[in-house]
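Throughout, numbering of the chain's residues begins at 1 and tracks the sequence. Side chains included, hydrogens not; waters and symmetry mates left out as well; all remaining heavy atoms used.
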Amino acid sequence: QVQLVESGGGLVQAGGSLRLSCATSRRTTSSYAMGWFRQAPGKERDIVAAISLTGGNTYYADSVEGRFSISRDNANNTVYLQMNSLKPEDTAVYYCAAARTTYSGSYYYRQGDYLYWGQGTQVTVSS
């Protein structure tokens with residue numbers, strides 16, 4: 001089983017930046033593609049960004065394309081989400097998730113593809 005722990009959330013003004021981290025409990029290098037999702041109050045949980053097993057391929061939701069960047073440090077079992085030019089509509093609980101895969105170049109953007117989830121970290125962007 002994989003345990004995921006997010007950190008780095010907080011309160012930031014519009015236009016600011018935050019970097020979220022997701023630490024995993026075991027090596028994800030050879031087995032898991034990773035993703036970040038978010039859920040705003042009263043809304044469904046949606047994909048934000050995803051990254052393939054080796055980090056070579058990434059996916060971004062249209063709403064964050066060009067502002068957010070996902071990366072992974074397989075040596076340290078950590079996935080990051082760099083968030084720049086934050087907007088109030090980015091306010092949400094952000095979740096890290098792991099999708100088991102045997103395809104090194106594949107990323108996944110459907111919740112159903114993810115097997116393990118973190119507890120979430122709150123990001124609040126003030127206007």
Side-chain angles (χ1 to χ4, degrees):
Q1 186 167 349
V2 175
Q3 292 183 331
L4 309 174
V5 179
E6 303 97 334
S7 62
L11 174 64
V12 63
Q13 288 187 334
S17 297
L18 283 174
R19 188 176 80 157
L20 305 183
S21 299
C22 173
T24 66
S25 62
R26 50 178 275 187
R27 287 184 64 83
T28 57
T29 306
S30 61
S31 301
Y32 295 94
M34 302 296 293
W36 286 96
F37 290 76
R38 68 185 180 187
Q39 186 169 22
K43 296 187 177 181
E44 294 184 351
R45 187 162 57 184
D46 292 324
I47 183 73
V48 174
I51 190 166
S52 61
L53 192 154
T54 58
N57 294 318
T58 57
Y59 168 88
Y60 296 95
D62 290 344
S63 59
V64 306
E65 179 80 54
R67 299 188 297 122
F68 289 13
S69 177
I70 187 171
S71 61
R72 63 189 298 164
D73 179 351
N74 287 337
N76 291 301
N77 301 324
T78 305
V79 180
Y80 301 99
L81 184 68
Q82 178 67 44
M83 305 186 296
N84 299 326
S85 302
L86 283 161
K87 305 176 181 179
E89 51 263 44
D90 294 319
T91 295
V93 177
Y94 284 71
Y95 298 91
C96 175
R100 190 168 180 86
T101 183
T102 57
Y103 301 103
S104 61
S106 297
Y107 54 72
Y108 302 90
Y109 52 82
R110 296 178 301 183
Q111 291 190 59
D113 290 323
Y114 288 84
L115 185 59
Y116 298 108
W117 293 82
Q119 82 290 346
T121 185
Q122 176 70 46
V123 171
T124 302
V125 184
S126 63
S127 57

| Interatomic spacing from CG in Asn74 to OG1 in Thr54 - rounded to 0.5 Å | 8.0 Å

| request: State the OG-CG distance between Ser126 and Leu11, to the nearest 0.5 angstrom. | output: 5.0 Å

| task | Please confirm whether the backbone N or O of Thr124 pairs with a side-chain atom of Thr91, one donor and one acceptor, at under 3.5 Å? | result | no

Table please: side-chain donor-acceptor pairs of residues 13-23 below 3.5 Å, with sequence neighbours left out.
unit_1, atom_1, unit_2, atom_2, d
Ser17, OG, Asn84, OD1, 2.9

| said: Around atom CD of Glu89, are there more than 12 heavy atoms from other residues, nucleotides or ligands closer than 6.0 Å? | reply: yes

| field | Test of ring centre spacing under 6.0 Å for Trp117 and Phe37 | value | yes

| request: Check whether any side-chain heavy atom of Tyr116 lies under 4.5 Å from a side-chain heavy atom of Tyr32, and answer yes or no. | output: yes

| request: List for me each residue that meets ring pair (Phe, Tyr, Trp, His ring centres under 6.0 Å) alongside Tyr107, sequence neighbours excluded, and say none if there are none. | output: Tyr59

| Going by an N to O cut-off under 4.0 Å, is there a salt bridge joining Asp90 and Lys87? | no

| task | Treating Ile, Leu, Val, Met, Phe, Trp and Tyr as nodes and any side-chain heavy-atom pair under 4.5 angstrom as an edge, say whether Ile51 and Met83 lie in one connected cluster. | result | yes

| What heavy-atom pair brings Gln119 and Leu4 nearest, and what distance separates the two atoms? | OE1-O, 3.6 Å

| Do the side chains of Val93 and Leu81 join up, straight or via other hydrophobic residues, at under 4.5 Å, putting them in one cluster? | no

| message | Determine whether a donor-acceptor pair (N or O, by modelled atom type, separation under 3.5 Å) exists between the side chain of Asp73 and the backbone of Ala75. | response | yes

| From CD (Gln111) to CG (Asp46), nearest 0.5 Å | 7.5 Å

| request: Please check if Val125 and Trp36 belong to a single hydrophobic cluster, counting links between Ile, Leu, Val, Met, Phe, Trp and Tyr side chain heavy atoms closer than 4.5 Å. | output: yes

| query | Sequence neighbours excluded, which residues qualify as side-chain contact (heavy atoms from CB on, under 4.5 Å) partners of Ser85? | reply | Arg67

| message | I need the single residue from Arg45, Gln122, Arg38, Glu6 that forms a side-chain hydrogen bond (donor to acceptor under 3.5 Å, both in side chains) with Tyr94. Which is it? | response | Arg38

| task | Indicate, with yes or no, if Leu115 and Val79 share a hydrophobic cluster defined by side-chain heavy-atom contacts under 4.5 Å among Ile, Leu, Val, Met, Phe, Trp and Tyr. | result | yes

| said: Could you check whether any side-chain heavy atom of Met34 comes within less than 4.5 Å of a side-chain heavy atom of Thr24, counting everything from C-beta outward? | reply: yes

| field | Contact check, side chains of Tyr80 and Arg72, non-hydrogen atoms, under 4.5 Å | value | no

| task | Check Ala50 against Tyr114 and note the closest heavy-atom contact, atom names and distance. | result | CB-OH, 3.7 Å

| request: For Ser63 and Ala61, indicate whether the former's side chain and the latter's backbone hold a donor-acceptor pair under 3.5 Å. | output: no

| request: Output the distance between atom OH (Tyr60) and atom CD1 (Ile70), rounded to the nearest 0.5 Å. | output: 6.5 Å

| Is there a donor-acceptor pair closer than 3.5 Å between any side-chain N or O of Ser52 and the backbone N or O of Asn57? | yes

| said: Do Tyr108 and Thr101 make a side-chain contact, defined as non-hydrogen atoms from C-beta onward lying under 4.5 Å apart? | reply: yes

